[in-house]
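All remarks here apply to the structure that follows.
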Amino acid sequence: MLPRSRTLPARIYDGQVEERQDVRTYLQVEHSKNQNRDTEAINIEANYSKCFDDDGRLKRSGTLWTATSHIITAVIGSGVLSLAWAVGQLGWVAGPVVMILFAFVNLYTSNLLSKCYRSGDAATGQRNYTYMDAVKANLGGKKVKICGLIQYINLFGVAIGYTIAASVSMLAIKRSNCFHKHHKTSKCHMSSNGYMITFGIIEILFSQIPDFDQVWWLSIVAAVMSFTYSTVGLALGVAKVAENKAFKGSLTGISIGTMTDAGMVTSSQKMWRSLQALGAIAFAYSYSIILIEIQDTIKSPPAEHKTMRKATTISIAVTTIFYLLCGCMGYAAFGDNAPGNLLTGFGFFDPYWLLDIANIAIVVHLVGAYQVYCQPLFAFIEKWSAQRWSRSNFVTAEYDLPIPFYGVYQLNFFRLVWRTCFVVLTTLIAMLLPFFNDVVGILGALGFWPLTVYFPLEMYIAQNKIRSWTSHWIGLQMLSMACLLISIAAAVGSVAGVVLDLRTYKPFKTRY
């Protein structure tokens, strides 16, 4: 049986009201008149602490490795597939340097953000369950609403991007088998709409998992899948380089005059594509928007921020190595013709079965990654709705639903309806705007500066009471401004890419 959802108060079960109790209510109950009342109170608290944490919620069970798997699932997502293209726009010098710089910035700001999980004492202070809670506790004011708006728009956008990426990989499996069957005599063009709908149906089912901490097993599976397809992409890149007997590419990236699917690359397009590449790399490292939610699954002691710091270091180190290998070997294999999706650039020929395995791994990974990113958004809407309509059975009631070979599932009708509508909406938008690279670039630009850099730095300044215009404060502000300029540049480049794609685009009729 699943533990009770943390996102809903769960006041009603099968029509009967259940009042939730925590440590405070136990200790505030009027003492009984028997002689052993003190001993009983102590025993109640001791027994309570075995099942519940200091905030009255169910005992957290996350470890260093579950947190690491959550992060890897979030980081090594569809973004890795566009890195060869991103390096192709920037060249052999700027490409790897930009990736390493993004890795260091993310590592630094993520460690600062992890310390915001608790307010006051790092080990016993009040918990902040979400990114917005941390901003509210440390900064307050209008910044809380601004943070929430940016965070949840970004999560919504990630769901759209992952739907596009999953459909492309599902389509790639079908096309590779088509090419193999017809021995390269057919162009095997087909629509991605059916595959987006299929992915949406799968996500409707998985989105009914009530809580973030209940998808840990899905994250571990997804993390394994991410290593699988990244390794296949790397191996195929190495094989392609060996076949070419040379490293393709140049120090400055794609050359002006190169023919692409969108036409000949002009000097202005070269600039836009380079800026868009910054957004693609930023998106590939983006996970700060769910860092606090991941940290809220970790058990203590030791203090959660210590475990999270280790998990962040391990995850970013591993992903950076993979990113450098996949991005650089993909560029070395294809040069200026590096594809926007690495695993669709090998022509779908031999070994077609290996490409099928890699694309299946991508789809499985994205099923899990979709949930890792969307669960915080689900939780926010459901918590707000439960507070807004606390007396509504539709919103707050949970009913026990026996499921064969599984146990008892706690059904909530609001959760069922709202999450289904969310998945349907993201699927429709993905079908309407299926521009993988452009969507990735826009999402990276939108979320990088405010969520990965600005708010963590501002909370760190507030926590440590760093005075304005000191050398430390100036250094932090310079880092923030530099990242802001990068975000603006990446957004401009990605929007320019969307405008270019729209010239030859027909809604719901995209074919590959």
Side-chain angles (χ1 to χ4, degrees), residues 2-11 57-58 60 62 66 70-71 73-74 77 127-135 145 147-163 166 199-219 222 286-297 366-390 392 394-399 401 409-430 443 447 451:
L2 289 171
R4 184 171 61 196
S5 170
R6 290 201 214 136
T7 61
L8 291 174
R11 293 186 175 87
R57 296 193 173 190
L58 291 172
R60 292 160 177 82
T66 60
H70 279 315
I71 296 172
T73 298
R127 297 174 187 263
N128 298 308
Y129 304 118
T130 66
Y131 199 123
M132 279 183 67
D133 289 342
V135 174
K145 295 181 179 180
C147 169
L149 182 64
I150 296 173
Q151 181 186 11
Y152 294 125
I153 287 176
N154 201 267
L155 291 175
F156 183 77
V158 167
I160 296 170
Y162 280 4
T163 302
F199 183 77
I201 293 172
I202 294 171
E203 290 303 338
I204 287 175
L205 296 176
F206 277 103
S207 67
Q208 299 310 312
I209 298 174
D211 245 336
F212 189 74
D213 58 347
Q214 294 172 29
V215 299
W216 61 268
W217 58 272
L218 194 58
S219 285
S286 176
Y287 80 100
S288 295
I289 52 178
I290 57 170
L291 185 146
I292 296 294
E293 284 82 354
I294 292 174
Q295 194 167 346
D296 190 42
T297 67
L366 291 176
V367 168
Y370 188 105
Q371 292 303 316
V372 169
Y373 272 99
C374 291
Q375 283 289 337
L377 177 56
F378 293 159
F380 171 75
I381 295 297
E382 287 156 21
K383 180 180 178 181
W384 178 83
S385 300
Q387 293 172 345
R388 179 67 175 80
W389 297 288
S390 60
S392 170
F394 177 76
V395 175
T396 62
E398 291 189 350
Y399 302 94
L401 179 65
Y409 174 77
Q410 293 173 341
L411 175 67
N412 174 266
F413 288 113
F414 176 75
R415 180 170 62 229
L416 175 65
V417 173
W418 129 251
R419 294 190 183 190
T420 300
C421 291
F422 174 88
V423 176
V424 170
L425 180 60
T426 57
T427 303
L428 286 174
I429 295 176
L443 291 175
L451 300 175

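Hydrogens, waters and symmetry mates play no part in the numbers below; they use all other heavy atoms, side chains included. Computed from a predicted model, the values in this text were never measured in an experiment. Positions are given from 1 along the sequence.
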Steps toward side chain to side chain contact (heavy atoms under 4.5 Å, CB included) verdict (I204, V424): CA-CA 8 Å; I204 287 175; V424 170; 4.2 Å; yes
Pair L416-Q208, side chain to side chain contact (heavy atoms under 4.5 Å, CB included): steps then yes or no: CA-CA 6 Å; L416 175 65; Q208 299 310 312; 3.8 Å; yes
CA sep, side-chain torsions, deciding dist, call: R415, E398, side chain to side chain contact (heavy atoms under 4.5 Å, CB included): CA-CA 10 Å; R415 180 170 62 229; E398 291 189 350; 3.5 Å; yes
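Here the straight-line distance linking atom CD1 of I150 with atom CG of N154 works out to 9.0 Å at 0.5 Å rounding. For the atom pair R60 CZ and D296 CG, the distance stands at 4.5 Å (nearest 0.5 Å). How far CD1 of I160 is from CD1 of I429: 4.0 Å, rounded to the nearest 0.5 Å. Rounded to the nearest 0.5 Å, atoms CD1 (I201) and CG (L205) are 8.0 Å apart. To the nearest 0.5 Å, the span separating CG on D133 from CD1 on I292 amounts to 9.0 Å. Annotation: the span from W418 atom CH2 to T420 atom OG1 amounts to 10.5 Å, rounded to 0.5 Å.
For the pair T426 (side chain) and V423 (backbone), a donor-acceptor distance under 3.5 Å is present. Between the S207 side chain and the E203 main chain, a donor and an acceptor come within less than 3.5 Å of each other. Put simply, the side chain of N412 gets close to the backbone of A397: a donor and an acceptor are under 3.5 Å apart. Without hydrogens or angle criteria, Y131 side chain to L451 main chain gives a donor-acceptor distance under 3.5 Å. A distance-only check finds a donor-acceptor pair linking the side chain of T396 to the backbone of S392 [under 3.5 Å].
Classified by interplanar angle (parallel below 30°, tilted 30° to 60°, perpendicular above 60°), the ring pair F380/Y152 is parallel.
Inter-residue side-chain proximity for Q151 and L155 is flagged as met; some heavy-atom pair is nearer than 4.5 Å. Using a 4.5 Å cut-off on side-chain heavy atoms (C-beta onward), T130 and E293 make contact.
Atom CZ of F413 is surrounded by 12 or fewer heavy atoms from other residues, nucleotides or ligands within 6.0 Å.
Under a 4.0 Å N-O distance rule, the pair E382/R419 qualifies as a salt bridge.
Taking the six-membered ring where the residue is Trp, the centroids of F206 and Y370 are separated by 6.0 Å or more. Aromatic pair F378/F422: centroids less than 6.0 angstrom apart.
Residues L377 and F156 approach most closely at CD2-N, 4.5 Å, considering heavy atoms. Closest heavy-atom contact between A430 and T163: CB-CG2, 3.8 Å.
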